[in-house]
Visitor: 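Structure in structure tokens, see below.
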Amino acid sequence: MIAKRNDALRLGTLSPARVLEPADGVELAAALAAAAAAGESVVLHGGGTLQHSANPPVRYDSAVLTTRLVAVHEYEPRDLTIGIGAGMTLATLRRMLAEHHQVLPLDAPFPARATIGGTLASGWAGPRRATYGRSRDLLIGATVALTDGTLAVCGGMVVKNVTGYDLGKLYVGSQGTLGAIVRANFKVLPAPPEQRLAISTFEDDNRERVVAHVGGMTVPPVALLIRDGFLALRDAPRPEDIDFRPQIVALFEGSESTVDRAMREYRSALGAAGVAETRILTGAAASNGFQDVLDEYVALAGAVSFTLLGRGLPADAPLRSERARTAFPSGGERGVSVETIANLLTGDVVARVRAPAALDAQTLAAAGAAVRSAIGRAQLIAAHDAAVPHVDAWGETPSTIATMRALKERFDPQNVLAPGRFVGAI
Amino acid sequence: MLSSFASRLLDALGPDVVRAAPEDLAVYAFDAYSEDKLPSAAIVPHDAREVAIAVRIARECGEPIVPRGAGTGLCGGAVPSRGGLVISFARMNRIVELDVRNRRARVQPGLINLDLSAAIAGAGIFYAPDPSSQKISTIGGNVGTNAGGPHCLSYGTTTNHVLGIEYVDGNGALHHTSIDDSGYDLTGLLVGSEGTLGIVTEVDVRLMKLPEAVRVCVAAFTDVESASEAVSAIIGAGIVPTALEIMDALITRAVEAHYHAGYPENAGAVLLVEIAGTHDDAAAGEAALAAIAREHGALSWRAARDQRERDALWAARKGAAGAIGRIAPNYYIQDACVPRTRLPEVMHAIDAIARDHKLPVGNVFHAGDGNLHPLLIFDRRERRQVEAVVAAGTEILRTCIAMGGTISGEHGIGYEKRETLSLVFSPDDLAAMGRVRDVFDPMRAFNPDKIFPSGAMCGEVKTPAALGTATA
Ligand SMILES: Cc1cc2nc3c(=O)[nH]c(=O)nc-3n(C[C@H](O)[C@H](O)[C@H](O)COP(=O)(O)OP(=O)(O)OC[C@H]3O[C@@H](n4cnc5c(N)ncnc54)[C@H](O)[C@@H]3O)c2cc1C
């Protein structure tokens with residue numbers, strides 16, 4: 001039983017010898033200190049939805065689960081702020097906020113499993129961030145357990161704060177290599193009264209016109225994506241059913257009158273670009289539909305697949321996604337295909353590479369490298385286990401890596417936390 | 001006689017860049033909070049290369065380094081408390097690159113905040129963080145203090161608009177960070193670090209599309225408490241307009257006397273509201289806000305009719321500190337932040353504290369964010385009054401902390417509040433911050449005596465050399 005569970009927490013080729021589920025931050029900090037004293041290594045686990053967004057650890061004695069850190073520490077809806085345990089799932093948080101018509105737009109895939117801590121630690125920055133900011137911008141305070149056994153607080157429960165260093169930003173995206181986030185405080189937002197999701201399929205020949213027309217809208221959507229492939233598996237149960245025609249997906253949020261106006265403008269922009277049909281989802285169907293889109297970011301497909309998320313300028317997102325799809329010219333023959341999502345507002349390009357099971361490691365790695373160079377600064381966000389050894393999670397090492405190494409050394413001198421998982425083998 | 005440090009700087013950078021005569025250095029000895037020692041030398045570099053050279057020389061000579069924007073900081077952050085080198089960015093004030101399509105710009109740190117928005121307004125875009133000092137304060141200084149401003153309520157503060165930073169480290173090496181790089185978020189660490197982690201030589205900023213419609217409205221209330229109730233109720237109702245500012249009677253009268261912007265002079269307090277968005281949203285927003293304001297005792301509600309009136313209301317609001325400076329011998333502006341439900345209570349408490357200490361107090365603040373700015377008015381020639389100001393300032397901060405708030409919403413900790421920091425954070429919390437400092441600045445050469453408590457931990461607001469020189 002235990003062994004099976006430990007195996008479920010396997011990362012790369014390693015499974016942990018122990019699985020700990022601390023009851024609170026104090027216990028977690030003590031567990032880290034004990035690991036440090038014993039010279040052991042620890043990997044933090046949230047819901048496991050983004051576990052491939054970092055490399056497998058090089059040592060892995062204990063898995064620490066945040067499942068019990070689900071307290072609501074402070075929630076005064078009238079302050080539009082909340083402080084919660086890092087192990088809370090996004091779905092639980094979403095339900096709680098919805099009771100007060102509030103939202104926290106973190107936009108992570110699989111919210112029933114994804115935890116607050118994991119979403120922060122992975123640095124997940126969702127497709128609506130051009131409007132609402134990244135998780136780093138919504139976080140107003142945090143408590144972090146460090147490997148010397150201390151609990152360090154930063155920020156607070158106020159929405160404006162220049163009291164000491166903004167360490168919350170350091171922990172976001174640190175993949176659990178500096179400390180364990182045990183509590184996070186956020187500013188939350190009033191829920192938009194109206195939400196609509198528009199999905200239209202168009203012909204490849206029309207692509208430039210579509211991009212040009214939707215780019216000039218006076219009331220822009222909060223998310224605007226062009227997908228090539230990436231269809232929900234339920235839409236295409238068999239590979240031959242996949243419709244590879246591009247799709248444009250737009251999410252509109254706001255007051256009813258503004259959303260109405262935006263939709264009119266959007267449809268006429270699409271009409272002018274020669275797009276005939278648009279499927280429109282409203283209410284719960286819109287938010288569920290948008291969540292499906294998010295889930296597909298990290299969904300695996302085919303025999304072997306991996307997905308990279310590259311960041312760059314919004315204006316050249318269509319071009320970078322095009323390059324990704326054609327990055328591996330011999331792909332077709334060998335059964336390799338590349339699907340993309342280009343975010344026209346944030347500049348993110350997501351590329352999923354699918355390959356047959358029999359594909360050799362070298363070709364797989366070459367496909368990864370080619371796609372990576374096409375889409376910009378790219379991080380792995382999902383992968384079949386078979387692909388993991390051949391695709392580095394990080395790609396290019398940033399020029400500031402020496403400073404990052406020094407930070408790691410100063411926060412975690414014994415290299416207890418997630419050794420080898422981070423960029424530059426941190 | 002020149003110090004050997006100054007001569008080395010002169011040899012390397014020339015007299016055009018280096019200032020070493022005491023009469024030339026006097027302008028670098030103070031900021032809007034306090035006045036301190038003269039630095040040994042100052043430089044006014046043309047580019048990052050000259051900054052790097054100076055940093056290397058300072059390092060070799062063991063001299064501390066204080067970066068300086070416009071010196072409008074209100075916590076002594078730009079003051080060279082141990083002498084050393086001041087780096088002024090007055091000359092590095094260009095927009096290096098403007099990318100309208102992707103709404104971003106690369107700017108030099110000495111660029112004046114308002115000059116950026118003015119230069120790009122024609123393209124229908126703007127730079128959102130708008131401290132009231134935006135006519136004089138610099139982007140580099142704003143990055144240093146993570147400056148806020150009235151419109152940060154819906155747009156966020158400086159940190160939410162900085163995409164990347166070029167900085168010079170303690171060894172004089174140049175680095176570039178980006179929030180899109182993989183790895184730790186060094187950009188996020190540098191913003192708000194008050195010059196203690198590195199010298200910022202370029203900033204990549206995010207720009208925003210100007211809204212289609214803007215409404216600026218003024219509501220009159222009988223007192224600050226009721227205006228605060230209205231703000232708490234607005235936020236509690238889930239409405240976040242672009243700005244929600246309060247001025248009390250003292251401030252309103254001072255402002256009207258100077259600006260004649262059209263604020264109701266007889267009101268006990270005024271609420272200044274801005275709503276931006278589509279035409280429909282602005283209209284609906286105004287109706288909803290006016291209704292809540294009336295429910296909470298608003299005596300009047302008036303919308304500015306045109307751009308000229310809107311500009312006049314904002315110019316007066318942003319000139320509030322200056323207007324007080326004209327009528328008060330000296331004032332001390334405090335900066336703290338509380339959860340927004342606590343606003344009425346904290347305003348009441350501040351009033352009581354000021355009365356206890358027999359100090360007139362004015363309040364002009366970013367109410368929507370819970371960000372308070374009580375201005376304590378005093379005469380610095382009166383020793384008793386100076387002591388009272390320090391005591392009242394500390395009491396106000398303690399009160400805010402007790403209400404779940406903090407000791408700085410936007411001005412920073414600097415020299416002024418470094419002892420007070422230990423009222424908010426435990427030694428463990430501060431040790432975590434210290435680790436970051438150890439990495440970026442192990443020699444503590446960058447802006448010493450700022451942010452971190454000296455070790456005395458007495459929890460008192462610092463009495464500066466000349467409290468309340470901020471009368472400009
Ligand atoms: C009338 C008035 C109104 C104000 N209103 C507001 C307001 O609404 N909101 C608000 O947030 N503040 C406000 N302030 C405070 C002040 O204007 C801000 O803190 C501003 O950001 C300081 O900018 P500065 O260019 O004057 O910087 P300075 O005061 O020169 O420096 C501020 C800090 O930044 C550091 N620094 C400067 N340049 C660099 C650099 N290149 N690299 C690294 N560090 C650097 C300095 O060392 C110092 O610690 C106001 C001040 C006044 C006098």
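Just so you know, these numbers come straight off a predicted model, no measurement behind them. Chain A is the first sequence line, chain B the second, and so forth, proteins listed ahead of strands; every chain is numbered from 1.
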Visitor: Salt bridge check: are A:R261 and B:D280 linked by an N-O gap of less than 4.0 Å?
Guide: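 No.
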Visitor: Is it true that atom NE2 of A:H101 has more than 12 heavy atoms of other residues, nucleotides or ligands lying nearer than 6.0 Å?
Guide: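 No, NE2 of A:H101 has 12 or fewer neighbouring heavy atoms, counting only those of other groups under 6.0 Å.
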Visitor: Using side-chain heavy atoms (C-beta onward) and a distance below 4.5 Å, is B:I235 in contact with A:R78?
Guide: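 No, every pair of side-chain atoms sits at 4.5 Å or beyond.
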Visitor: Quick one: which of A:N161, A:D348, A:L189 has the most heavy-atom pairs under 4.5 Å with chain B, could you say?
Guide: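 Most heavy-atom pairs within the cutoff with chain B belong to A:N161.
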Visitor: Using the side chain to side chain donor-acceptor pair (under 3.5 Å) rule, take B:S408 and A:T163 through it: C-alpha gap first, then chi angles, then the decisive distance, then the call.
Guide: CA-CA 6 Å; B:S408 174; A:T163 309; 5.1 Å; no
Visitor: Which answer fits A:D148, side chain, backbone, both or neither, if we ask what part of it has an atom under 4.5 Å from a heavy atom of chain B?
Guide: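 A:D148 touches chain B through side-chain heavy atoms alone.
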Visitor: Over all heavy atoms of both residues, which pair between B:A432 and A:Y171 is shortest? Give the atoms and the distance, please.
Guide: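 That closest heavy-atom pairing would be CB-OH, 4.1 Å.
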Visitor: Please classify the contact between B:R101 and chain A as side chain, backbone, both or neither, with a heavy-atom cut-off of under 4.5 Å.
Guide: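 Side chain of B:R101 only, per the 4.5 Å heavy-atom cut-off to chain A.
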Visitor: For residues B:S182 and A:E396, report the shortest heavy-atom separation together with the two atoms involved.
Guide: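 Between these two residues, the closest heavy atoms are OG-O, 3.7 Å.
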Visitor: Would you mind checking which part of A:L151 comes under 4.5 Å of any heavy atom in chain B, side chain (CB onward), backbone (N, CA, C, O), both or neither?
Guide: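 The answer is the backbone of A:L151.
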Visitor: Can you say whether B:D180 sits under 4.5 Å from chain A via the side chain, the backbone, both, or neither, judging by heavy atoms?
Guide: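 Answer is both: backbone and side chain atoms of B:D180 are under 4.5 Å from chain A.
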Visitor: Tell me, for B:V338 versus chain A, whether the close heavy atoms (under 4.5 Å) come from the side chain, the backbone, both or neither.
Guide: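 B:V338 touches chain A through backbone heavy atoms alone.
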Visitor: Is there side-chain contact between A:R377 and B:S178, with heavy atoms separated by less than 4.5 Å?
Guide: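 In contact.
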Visitor: Below 4.5 Å, heavy-atom pairs only: which of A:T177, A:I401, A:V144 has the largest tally toward chain B?
Guide: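 Most heavy-atom pairs within the cutoff with chain B belong to A:T177.
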Visitor: Is a donor from one side chain sitting under 3.5 angstrom from an acceptor on the other, for A:T400 and B:Y184?
Guide: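 A:T400 vs B:Y184: no donor-acceptor pair found between side chains.
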Visitor: Are any non-hydrogen side-chain atoms of A:K169 and B:L189 less than 4.5 angstrom apart?
Guide: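 Not touching, per the 4.5 Å side-chain cut-off.
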Visitor: For chain B, which candidate among A:D79, A:T81, A:L407, A:I426 shows the most heavy-atom pairs at distances under 4.5 Å?
Guide: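 Of the options given, most contacts go to A:D79.
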Visitor: Under 4.5 Å heavy-atom distance to chain B, tell me which part of A:V162 shows up: side chain, backbone, both or neither.
Guide: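 Both backbone and side chain of A:V162 come within 4.5 Å of chain B.
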Visitor: Go through the atoms of B:I179 and report whether side chain, backbone, both or neither lie under 4.5 Å from a heavy atom of chain A.
Guide: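 For B:I179, the contact with chain A is made by backbone and side chain together.
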Visitor: Picking from B:G192, B:G183, B:G148, B:A233, which has the most non-hydrogen pairs under 4.5 angstrom with chain A?
Guide: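 Looking at each option in turn, the highest pair count goes to B:G183.
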Visitor: Are A:L80 and B:V240 packed together at the side-chain level, in the sense that at least one heavy-atom pair is separated by less than 4.5 angstrom?
Guide: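 Result yes, sub-4.5 Å side-chain heavy-atom pair found.
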Visitor: With a 4.5 angstrom heavy-atom cut-off, is it the side chain or the backbone of A:F422 that approaches chain B, or both, or neither?
Guide: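 Interface part for A:F422: side chain.
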Visitor: So what's closer than 4.5 Å to chain A heavy atoms on B:L186: side chain, backbone, both or neither?
Guide: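 For B:L186, side-chain heavy atoms alone lie under 4.5 Å from chain A.
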Visitor: If you count heavy-atom pairs under 4.5 Å between each of B:I239, B:T159, B:V424 and chain A, which one has the most?
Guide: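 Going by pairs under 4.5 Å, I would pick B:T159.
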Visitor: Please flag which part of A:L146 lies under 4.5 Å from any non-hydrogen atom of chain B: side chain, backbone, both or neither.
Guide: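 Looking at A:L146, just its side chain touches chain B.
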Visitor: For A:Y165 and B:R437, work out which heavy atoms get closest and say how close.
Guide: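 Between these two residues, the closest heavy atoms are OH-CD, 3.1 Å.
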Visitor: Tell me which of these, A:D316, A:L170, A:V423, has more heavy-atom pairs under 4.5 Å with chain B than the rest.
Guide: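 Ranked by contacts with chain B, first place is A:L170.
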Visitor: Of all heavy-atom pairs between A:M157 and B:P339, which one has the smallest distance, and what is that distance?
Guide: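 Smallest heavy-atom distance, with atoms named: O-CG, 4.3 Å.
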Visitor: State, to 0.1 Å, how close A:V158 and B:T406 come at their nearest heavy-atom pair, and which atoms those are.
Guide: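 Looking at all heavy atoms of both residues, the shortest contact is CG2-CG2, 3.7 Å.
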Visitor: With chain B, which of A:T397, A:T403, A:V172, A:D166 has the greatest number of heavy-atom pairs at distances under 4.5 Å?
Guide: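 Among A:T397, A:T403, A:V172, A:D166, the one with the most close pairs to chain B is A:T403.
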Visitor: Rounded to the nearest 0.5 Å, what separation is found between the OG1 atom of B:T157 and the NZ atom of A:K160?
Guide: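 One finds 7.5 Å between OG1 of B:T157 and NZ of A:K160.
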Visitor: Can you tell which part of B:L421 gets under 4.5 Å to a heavy atom of chain A, answering side chain, backbone, both or neither?
Guide: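 For B:L421, the contact with chain A is made by the side chain alone.
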Visitor: What part of B:H176 gets within 4.5 angstrom of chain A, counting heavy atoms only: side chain, backbone, both, or neither?
Guide: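 Interface part for B:H176: backbone (N, CA, C, O).
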Visitor: Taking the side chain as everything from C-beta on, heavy atoms only, tell me whether B:C152 gets closer than 4.5 Å to A:V159.
Guide: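 No, every pair of side-chain atoms sits at 4.5 Å or beyond.
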Visitor: Could you look at B:E410 and say if it's the side chain, the backbone, both or neither that has a heavy atom under 4.5 Å from chain A?
Guide: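 Backbone plus side chain of B:E410, per the 4.5 Å heavy-atom cut-off to chain A.
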Visitor: Please determine, among B:L197, B:N146, B:V191, B:T145, the option with the most heavy-atom pairs under 4.5 Å with chain A.
Guide: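 Ranked by heavy-atom pairs under 4.5 Å with chain A, first place is B:L197.
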Visitor: Measuring heavy-atom distances to chain B, does A:A378 have an atom under 4.5 Å in its side chain, in its backbone, in both, or in neither?
Guide: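 For A:A378, there is no contact with chain B at all, as no heavy atom is under 4.5 Å.
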Visitor: With only heavy atoms counted, which part of A:P77 is less than 4.5 Å from chain B, the side chain, the backbone, both or neither?
Guide: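 It is neither, since no heavy atom gets under 4.5 Å.
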Visitor: Check A:R134 with B:D185, please: is the shortest side-chain N to carboxylate O separation under 4.0 Å?
Guide: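 Not counted as a salt bridge, because no side-chain N and carboxylate O are separated by less than 4.0 Å.
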Visitor: Could you have a look at A:S257, A:A315, A:A406 and say which one has the most heavy-atom pairs with chain B under 4.5 angstrom?
Guide: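 Top option by heavy-atom pairs under 4.5 Å: A:A315.
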Visitor: Could you check which of B:I407, B:D281, B:I451 has the highest count of heavy-atom pairs closer than 4.5 Å to chain A?
Guide: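 That would be B:D281.
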Visitor: Checking heavy atoms, do the side chain of B:Y167, its backbone, both or neither come under 4.5 Å from chain A?
Guide: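 Contact with chain A is through the side chain of B:Y167 alone.
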Visitor: B:D438 versus chain A, heavy atoms under 4.5 Å apart: side chain, backbone, both or neither?
Guide: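 Answer is side chain: those atoms of B:D438 sit under 4.5 Å from chain A.
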Visitor: Is B:D169 close to chain A through its backbone or its side chain, or both, or neither, when contacts mean heavy atoms under 4.5 Å?
Guide: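 No part of it gets close to chain A.
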Visitor: Please classify the contact of A:Q102 with chain B as side chain, backbone, both or neither, using a heavy-atom distance under 4.5 Å.
Guide: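 No part of it gets close to chain B.
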Visitor: What part of A:Q379 gets within 4.5 angstrom of chain B, counting heavy atoms only: side chain, backbone, both, or neither?
Guide: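 Answer is neither: A:Q379 stays 4.5 Å or more from chain B.
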Visitor: Indicate the atoms forming the closest heavy-atom contact of A:C154 with B:F425, along with that distance.
Guide: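 Smallest interatomic distance, heavy atoms only, reads CA-CE2, 4.0 Å.
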